[in-house]
Participant: 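My structure is below; once you've seen it, I'll send some questions.
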Amino acid sequence: MENTHTVDHEEASRLAEFERRIDNGDIIEPNDWMPAEYRRLLIRQISQHAHSEVIGMLPEGNWISRAPSLRRKLGLLAKVQDEGGHGLYLYAAAETLGATRDDMVAALLEGRAKYSTLMTYPTVTWADVGAVGWLGDGAGVINQTSLLRTSYGPYARALARICMEESFHQRQGYEIMCAMADGGGEQRRMAQGALDRWWAPALMMFGPPDDASPNSSLSMRWRIKRESNDTLRQRFVDATVPQAEAIGLRVPDPQLRWNEDKGGYDFTPIDTDELLRVAKTGGMAGLDRLTARRAAVEEGAWVRRAMLTHARKQRLAAGEAA
Ligand code: BYC
């Protein structure tokens, strides 16, 4: 009995010290003591983020062979490769918390892990590639720039590089939209159609409203997240509406109005039921996304085997030379 009491007391004083560090703005590093729940919340968020980047390669990747010019093809290829790189930084950050890459990837492939609902919608025209960059990466930059000040060091460092690349992707997407909005009638209609399709999914990237976000209170208390889902969603709307207006496109929201008192736009709340349903079931393109990922893992198995064999041979050769 006394032992349990001592352990509880030790645990409580470690937690108090951890929270003092968090309040002080300290950065937590992998070898520092941390509550099990802090570790779990981080592994959950970072691995979901990694999966979103890797699955995010698919909706745009299917346009690489159909990009309208060599310049567009090169830009899109580089963007899709960047997303793969982001996934790798993030998996590595989650590994510092004790998660294994194999377990995280298995959770994704077996349909047990979530990834951003944005990736479940189909890209039906070339303008959708522009809209995914402008709106999807644009939402990503706003969300992840806030996360740069997260309390966990390896996540913050991975995000520093990701944010720089995402903001480039946002500009590349917007530039595609500018060109199409400036084009003939058909191109302009494609640009408007893409904005109509991607506006609501982009708003959903920020998660459910604050009063329906189960992870937020602990995440905010321990500074994993620094700003609330609704605060970031509002920032995105306020930044993006003028960009749409500048190129003569109409944001598909009849309730959109500038609100002088709050200094921001009023807009239609997201459809939380759809967000949670799609997050759970993978939505309309979700099944294809996982099927494509599983096929990529299976078809790439020989490459991984060859690389491991090569690395083993090099280690053996180095051992013999020593
Ligand atoms: N989609 O309590 P909440 C990119 C889940 S990719 C799916 O508010 P939290 C890009 C949520 O996980 C970057 N699921 O959660 C790449 C939770 O489920 P569990 C994507 C969602 O974590 C290629 C439940 O709903 N960005 O930019 O406090 C091309 C309740 O939500 C979604 C990141 O990953 C969703 N949209 O807040 C283009 C950023 N929303 O785990 C672009 C890092 C919520 O309890 N992540 N759920 O079963 C975050 O900032 C936070 O995790 C979220 C959600 C704001 C997304």
Side-chain angles (χ1 to χ4, degrees), residues 40-61 63 76 79-87 89-90 93-94 107-108 112-121 123 128-150 152 155-156 158-159 162-163 165-170 172-173 198 200-233 236 270-283 286 289:
R40 188 194 68 78
L41 278 171
L42 273 169
I43 292 176
R44 179 194 65 88
Q45 178 167 323
I46 301 173
S47 62
Q48 287 179 2
H49 190 167
H51 300 326
S52 306
E53 299 280 357
V54 170
I55 295 282
M57 297 167 80
L58 296 167
E60 293 171 289
W63 275 95
L76 184 57
K79 177 183 194 291
V80 171
Q81 282 180 345
D82 286 350
E83 312 292 1
H86 299 172
Y89 309 148
L90 290 163
L108 173 67
R112 288 184 281 117
K114 290 200 171 77
Y115 54 89
S116 181
T117 50
L118 186 86
M119 316 314 170
T120 67
Y121 296 91
T123 38
D128 290 44
V129 173
V132 169
W134 172 34
L135 305 174
D137 288 82
V141 173
I142 286 182
N143 172 262
Q144 292 161 44
T145 305
S146 173
L147 287 171
L148 278 176
R149 294 180 293 118
T150 186
Y152 188 57
Y155 190 25
L159 285 162
I162 293 173
C163 282
E165 292 180 349
E166 299 280 40
S167 73
F168 189 74
H169 297 166
Q170 188 272 348
Q172 175 171 285
W198 290 92
L203 294 187
M204 288 181 193
M205 277 185 81
F206 297 95
D210 295 348
D211 57 8
S213 163
N215 298 293
S216 276
S217 61
L218 212 43
S219 249
M220 299 279 285
R221 175 165 145 204
W222 287 338
R223 301 195 181 186
I224 293 174
K225 290 203 308 201
R226 301 303 306 264
E227 291 171 284
S228 81
N229 297 0
D230 286 331
T231 302
L232 295 170
R233 191 169 8 249
F236 171 76
I270 61 162
D271 183 341
T272 310
D273 290 344
E274 173 171 342
L275 166 63
L276 298 178
R277 182 185 58 75
V278 175
K280 210 165 159 192
T281 60
R289 302 283 181 246

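Residue numbers run from 1 in the order of the sequence given. Indexing begins at 1, ligand by ligand and atom by atom, following the structure's order. Here the structure is a predicted model, which means the values were calculated and not measured.
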Participant: May I ask you to check whether Thr120 and Thr117 show a side-chain donor-acceptor distance below 3.5 Å?
Facilitator: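 The answer is no; no qualifying pair exists.
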Participant: Could you check whether any heavy atom of Leu147 sits closer than 4.0 Å to an atom of ligand 1, since that is the contact criterion I want to use?
Facilitator: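 Yes; Leu147 lies near enough to ligand 1 that a heavy-atom distance drops under 4.0 Å.
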Participant: Give a yes-or-no answer on whether the side chains of His169 and Glu166 include a donor-acceptor pair shorter than 3.5 Å.
Facilitator: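 Short answer, yes.
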Participant: Identify which of Lys79, Gln144, Gln48 has a heavy atom lying nearest to atom 13 (C) of ligand 1.
Facilitator: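 The residue whose heavy atom sits nearest atom 13 (C) of ligand 1 is Gln144.
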Participant: What protein heavy atom lies closest to atom 39 (C) of ligand 1? Include the residue and the distance to one decimal.
Facilitator: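 Checking every protein heavy atom, the shortest distance to atom 39 (C) of ligand 1 gives Asn143 OD1, 3.0 Å.
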Participant: Only heavy atoms count here, so choose which of His169, Gln45, Lys114, Arg226 is nearest to atom 48 (O) of ligand 1.
Facilitator: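 Shortest heavy-atom distance from atom 48 (O) of ligand 1: Lys114.
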Participant: So is there a nitrogen or oxygen of Pro214 less than 3.5 Å from a nitrogen or oxygen in ligand 1?
Facilitator: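 Pro214 vs ligand 1: N/O contact under 3.5 Å present.
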Participant: Compute whether any side-chain donor of one residue and acceptor of the other, for Tyr155 and His49, lie under 3.5 angstrom apart.
Facilitator: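 Present: a donor and an acceptor within the cut-off.
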Participant: Show your reasoning for whether side chain to side chain contact (heavy atoms under 4.5 Å, CB included) applies to Ile55 and Leu108.
Facilitator: CA-CA 10 Å; Ile55 295 282; Leu108 173 67; 4.3 Å; yes
Participant: Report yes if some heavy atom in the side chain of Glu274 is under 4.5 Å from a heavy atom in the side chain of Met204; otherwise report no.
Facilitator: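 Contact flag for Glu274/Met204 side chains = yes.
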Participant: At under 4.0 Å between heavy atoms, which part of Glu166 makes contact with ligand 1: side chain, backbone, both or neither?
Facilitator: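 For Glu166, the contact with ligand 1 is made by the side chain alone.
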Participant: In ligand 1, which numbered atoms sit nearer than 4.0 Å to a non-hydrogen atom of Ser116?
Facilitator: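 Here the atoms of ligand 1 in question are 1 (N), 7 (C).
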Participant: Looking only at N/O atoms, are Ser52 and ligand 1 under 3.5 Å apart anywhere?
Facilitator: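 N/O-N/O distance below 3.5 Å does not exist for this pair.
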Participant: Got the closest protein heavy atom to atom 32 (C) of ligand 1, with its distance?
Facilitator: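 Of every protein heavy atom, Leu275 CD1, 3.8 Å lies nearest to atom 32 (C) of ligand 1.
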Participant: Considering non-hydrogen atoms only, spot the tightest contact between Gly207 and Ile270 and give its length.
Facilitator: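 Looking at all heavy atoms of both residues, the closest pair is O-CD1, 3.5 Å.
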Participant: Looking only at protein heavy atoms, which one is nearest to atom 10 (C) of ligand 1, and how far off is it?
Facilitator: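 Heavy-atom neighbour on the protein nearest atom 10 (C) of ligand 1: Met119 CE, 3.5 Å.
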Participant: Which ligand 1 atoms are under 4.0 Å away from a heavy-atom of Met204?
Facilitator: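 So the answer, numbered in order with elements, is 36 (N).
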Participant: Ignoring hydrogens, what is the shortest heavy-atom contact between Pro208 and Thr272? Give both atom names and the distance.
Facilitator: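 So the minimum-distance heavy-atom pair works out to CB-CG2, 4.0 Å.
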Participant: Considering all heavy atoms of both residues, which atom of Gly138 and which atom of Gln170 are nearest to each other, and what is their separation?
Facilitator: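 For Gly138 and Gln170, the tightest heavy-atom pair comes out as CA-CG, 3.4 Å.
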Participant: Which protein non-hydrogen atom lies closest to atom 44 (C) of ligand 1, naming both residue and atom, and how far is it?
Facilitator: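 Result for atom 44 (C) of ligand 1: Pro208 CD, 3.6 Å.
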Participant: Quick one: look at Val278 and ligand 1, take heavy-atom pairs under 4.0 Å, and tell me if it's side chain, backbone, both or neither.
Facilitator: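 Under 4.0 Å from ligand 1, Val278 contributes no heavy atoms.
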Participant: Is a donor from one side chain sitting under 3.5 angstrom from an acceptor on the other, for Lys225 and Thr150?
Facilitator: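 Result is no, nothing qualifies.
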Participant: What's the shortest distance from atom 40 (N) of ligand 1 to any protein heavy atom, and which residue and atom give it?
Facilitator: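 Its nearest protein heavy-atom neighbour is Gly207 CA, 3.2 Å.
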Participant: Quick one: does ligand 1 sit under 4.0 Å from the side chain of Met205, the backbone, both or neither, non-hydrogen atoms only?
Facilitator: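 It is both parts that get close, each with some atom under 4.0 Å.
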Participant: At a non-hydrogen distance cut-off of under 4.0 Å, which region of Arg44 contacts ligand 1 (side chain, backbone, both, or neither)?
Facilitator: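 Answer for Arg44: side chain.
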Participant: Which heavy atom of the protein is the closest neighbour of atom 3 (P) of ligand 1, given with residue, atom name and distance?
Facilitator: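 In this structure, atom 3 (P) of ligand 1 has Ser213 OG, 3.4 Å as its nearest protein heavy atom.
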Participant: Return the residue, atom name and 0.1 Å-rounded distance of the protein heavy atom closest to atom 17 (C) of ligand 1.
Facilitator: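 The protein heavy atom lying closest is Asn215 ND2, 3.7 Å.
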Participant: Could you label the plane-to-plane angle of the Tyr121 and Trp198 rings as parallel, tilted or perpendicular, counting under 30° as parallel and over 60° as perpendicular?
Facilitator: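 Perpendicular.
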Participant: Can Phe206 and Ile142 be said to form a side chain to side chain contact (heavy atoms under 4.5 Å, CB included), step by step?
Facilitator: CA-CA 9 Å; Phe206 297 95; Ile142 286 182; 4.1 Å; yes
Participant: What is the nearest protein non-hydrogen atom to atom 28 (O) of ligand 1, stated with its residue, atom name and distance?
Facilitator: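 In this structure, atom 28 (O) of ligand 1 has Lys225 NZ, 2.6 Å as its nearest protein heavy atom.
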Participant: For ligand 1, which atoms, with element, lie under 4.0 Å from some heavy atom of Asn229?
Facilitator: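 In order of number, 8 (O), 55 (C).
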Participant: Atom NE2 in His86, atom CD in Gln144: separation rounded to 0.5 Å?
Facilitator: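 If I round to the nearest 0.5 Å, the distance is 8.0 Å.
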Participant: For Glu83 and Met57, work out which heavy atoms get closest and say how close.
Facilitator: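 Closest approach of Glu83 to Met57, heavy atoms only: CB-CG, 3.7 Å.
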Participant: Taking only heavy atoms of Glu60 into account, list the atoms of ligand 1 that are under 4.0 Å away from them.
Facilitator: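 In order of number, 29 (C).
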